[in-house]
Amino acid sequence: MHHLSVFCYLLLTFASSLGANQTLKSVATYKEWPTGIAVSSEGRIFTSFPRQRQVQPYTLAELVGGSSKPYPSVSIQSGSYLDASSWFVDAQSVVIDSEDRLWVLDTGFPFKNGTKQSKAVYNGPKIVCIDLKVNKVVRTYVIPAGALVEKSSINDVRFNLTLGDLGYAFISDTAEEGAIITLDLNTGLAIRRLSNSSFTRADDKFVGSYENVPFYVREKGKPAKSISNGANAIALYGGSVFFSPQASTRFHSVPQEVLIDQNQTEENVRAATRLVTRTPGYSTGAESDESGRIYYGSPEQNAINYIDAATDEVKVLVSSPLLKWPDSFCQSRDGYLYVTSNDLPKWPKFNEGRELRKPPYHLYKIKTGSRPPM
Ligand SMILES: *[C@@H]1O[C@H](CO)[C@@H](O)[C@H](O)[C@H]1NC(C)=O
Ligand SMILES: *[C@@H]1O[C@H](CO)[C@@H](O)[C@H](O)[C@H]1NC(C)=O
Ligand SMILES: *[C@@H]1O[C@H](CO)[C@@H](O)[C@H](O)[C@H]1NC(C)=O
Ligand SMILES: *[C@@H]1O[C@H](CO)[C@@H](O)[C@H](O)[C@H]1NC(C)=O
Ligand SMILES: *[C@@H]1O[C@H](CO)[C@@H](O)[C@H](O)[C@H]1NC(C)=O
């Protein structure tokens, strides 16, 4: 054997012994606690940081030279609750659409006397469209009250711009009475679908685990409570919406055409919804690509898994101890899947009031060689 080929052989053996882990690349670290991630066609990176305290320097930022810079301005990061539609109350998710515009999903959860509320402020829950060429808000859609319930917690959104006149948004509501909300980008009208159904609700008395410990809401002086979050992860592929209630091991799908058709009865929509697969463990966020992979975060395995939409089989993309609650994803146009890792179960509400999260939080990427779906 050649010296060079011996060297290559050793190098390959060494590389494969490292496990799948080696393919995750660190992109950035964050001081604030991140959730959503969006990467534009030019590689600009945007992150949402749900508010942990009322006065937080930003809840939406762009990564500039490795640091988070309030985006699109400093002034839009704060405002009055009397006018909650005009600023970012609590940015939970960010998404790039097929026209390379940035969308911000705001839960609208305010602070009251220093404590974050789990009931949105009037006009707070919204999706906001930003033109990246001029870095300005171009349109705000407040979610109509009729599409929400008292405890609504809008969580994530995906867009199909080929439906209707200007496209539709599909929004997951992770309240216990989970739902998928469709919003017509032409009229701003929204329909709440599959609300509080067996498809969008958690599994009854669901208990998952994190770092091999059963994962509950644990408040001081109260018995442990099972987590009951409904529809959370959401992705579009092949004309269907794929979604999963967070406290479950189920992925469902429903045709987009059925969901957006206001003439369809709720019974028809339920009849058109199917169980795609059960998954090994619960999921966090999801993302799809043009090859028909529905990626999702699997904290129990410190993994990013995917459902192959052609066969409904669940496969592993990458598993690594670096993935501590892989939260949200973005398939970029240059062939990478981006993922935020935020160690969510270390929150005080899961640890009898103790804050166990420690910055820095992480953004990683892994090559998929794929692109967003059409
Ligand atoms: C993954 O990478 C980390 C950091 O480079 C390393 O400490 C760890 O041992 C690796 N794990 C595996 C399973 O290769
Ligand atoms: C506001 O918070 C302070 C400090 O935690 C507490 O003493 C006070 O009772 C609270 N007021 C109300 C109206 O909840
Ligand atoms: C939601 O569904 C649960 C379980 O089926 C039921 O107990 C509850 O009454 C429903 N809530 C509403 C508002 O319909
Ligand atoms: C968007 O809708 C069109 C129908 O107008 C459909 O062909 C396409 O598959 C949908 N895109 C996705 C990603 O589901
Ligand atoms: C819904 O029904 C109305 C009234 O019958 C009709 O005008 C409209 O075209 C229907 N919409 C769809 C999407 O089928």
Side-chain angles (χ1 to χ4, degrees), residues 95-100 103 119 145-153 156-187 189-206 226-231 233-243 245 247-248 250-270 272-274 276 286-296 306-310 329-333 337 368 370-374:
V95 175
I96 297 277
D97 72 16
S98 55
E99 288 176 9
D100 209 32
W103 290 85
K119 194 175 160 239
L148 301 171
V149 293
E150 193 189 347
K151 289 276 183 66
S152 269
S153 179
D156 210 347
V157 60
R158 291 294 181 274
F159 296 87
N160 187 336
L161 301 183
T162 69
L163 296 167
D165 294 326
L166 292 182
Y168 274 78
F170 298 89
I171 300 166
S172 60
D173 184 342
T174 197
E176 192 167 330
E177 292 168 47
I180 303 298
I181 298 166
T182 68
L183 191 145
D184 181 343
L185 297 178
N186 185 34
T187 62
L189 296 177
I191 322 178
R192 184 178 184 82
R193 288 298 198 184
L194 301 170
S195 184
N196 201 38
S197 67
S198 60
F199 303 107
T200 52
R201 283 180 61 89
D203 287 347
D204 204 22
K205 301 192 179 177
F206 180 81
S226 68
I227 289 162
S228 58
N229 289 355
I234 185 165
L236 308 185
Y237 182 73
S240 287
V241 179
F242 289 76
F243 63 91
S248 85
R250 290 173 280 124
F251 261 84
H252 295 285
S253 77
V254 55
Q256 293 160 23
E257 294 279 5
V258 174
L259 267 190
I260 65 174
D261 181 353
Q262 56 191 7
N263 293 349
Q264 294 284 352
T265 61
E266 182 64 15
E267 287 70 34
N268 286 349
V269 177
R270 291 184 187 199
T273 307
R274 73 179 183 101
V276 175
E287 176 71 312
S288 55
D289 73 10
E290 65 175 0
S291 76
R293 291 176 171 189
I294 315 296
Y295 300 102
Y296 69 91
Y306 64 92
I307 301 164
D308 180 341
F329 302 86
C330 177
Q331 168 66 55
S332 69
R333 282 159 178 71
L337 187 70
T368 58
S370 195
R371 287 172 56 83
M374 295 305 285

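Just so you know, ligand 1 is whichever comes first in the structure, and atom 1 is the first atom listed for that ligand. Quick note: residue numbers are just sequence positions, from 1.
The side chain to side chain contact (heavy atoms under 4.5 Å, CB included) test applied to Ala235 returns Ala286, Ser288, Ile294, not counting sequence neighbours. The salt bridge (Lys or Arg N to Asp or Glu O under 4.0 Å) search around Glu177 returns none, not counting sequence neighbours.
Residue contact annotation: Glu176 has no non-hydrogen atom under 4.0 Å from ligand 3.
With rounding to the nearest 0.5 angstrom, the CG atom of Leu236 is 9.5 Å from the CZ atom of Phe242.
Closer than 4.0 angstrom to ligand 4 sit non-hydrogen atoms from Asn160, Thr162, Leu163, Leu236, Tyr237, Gly238, Gly239, Gln256, Pro373, Met374.
When every heavy atom of Ser152 is checked against every heavy atom of Asp173, the shortest pair comes out as OG-OD2, 2.5 Å. Heavy atoms only, all atoms of each residue included: Arg250 and Arg201 are closest at NH2-O, 2.8 Å. Annotation for Gln331 and Tyr295: closest pair OE1-CE1, 4.2 Å, computed over non-hydrogen atoms. Between Val269 and Val254, the shortest heavy-atom distance links the atoms O-CG2, 4.2 Å.
Less than 4.0 angstrom separates some heavy atom of Asn196 from each of these atoms of ligand 3: 1 (C), 2 (O), 3 (C), 8 (C), 10 (C), 11 (N), 12 (C), 14 (O). Set against the non-hydrogen atoms of Glu177, the atoms of ligand 3 under 4.0 Å away are 13 (C). Within the listing of ligand 5, atoms 1 (C), 2 (O), 3 (C), 8 (C), 10 (C), 11 (N), 12 (C), 14 (O) sit less than 4.0 angstrom from a heavy atom of Asn263.
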N/O donor-acceptor pairs under 3.5 Å from side chains in residues 257-264, not counting sequence neighbours:
from	atom 1	to	atom 2	distance (Å)
Asp261	OD1	Asn263	N	2.8
Gln264	OE1	Asn268	ND2	3.1

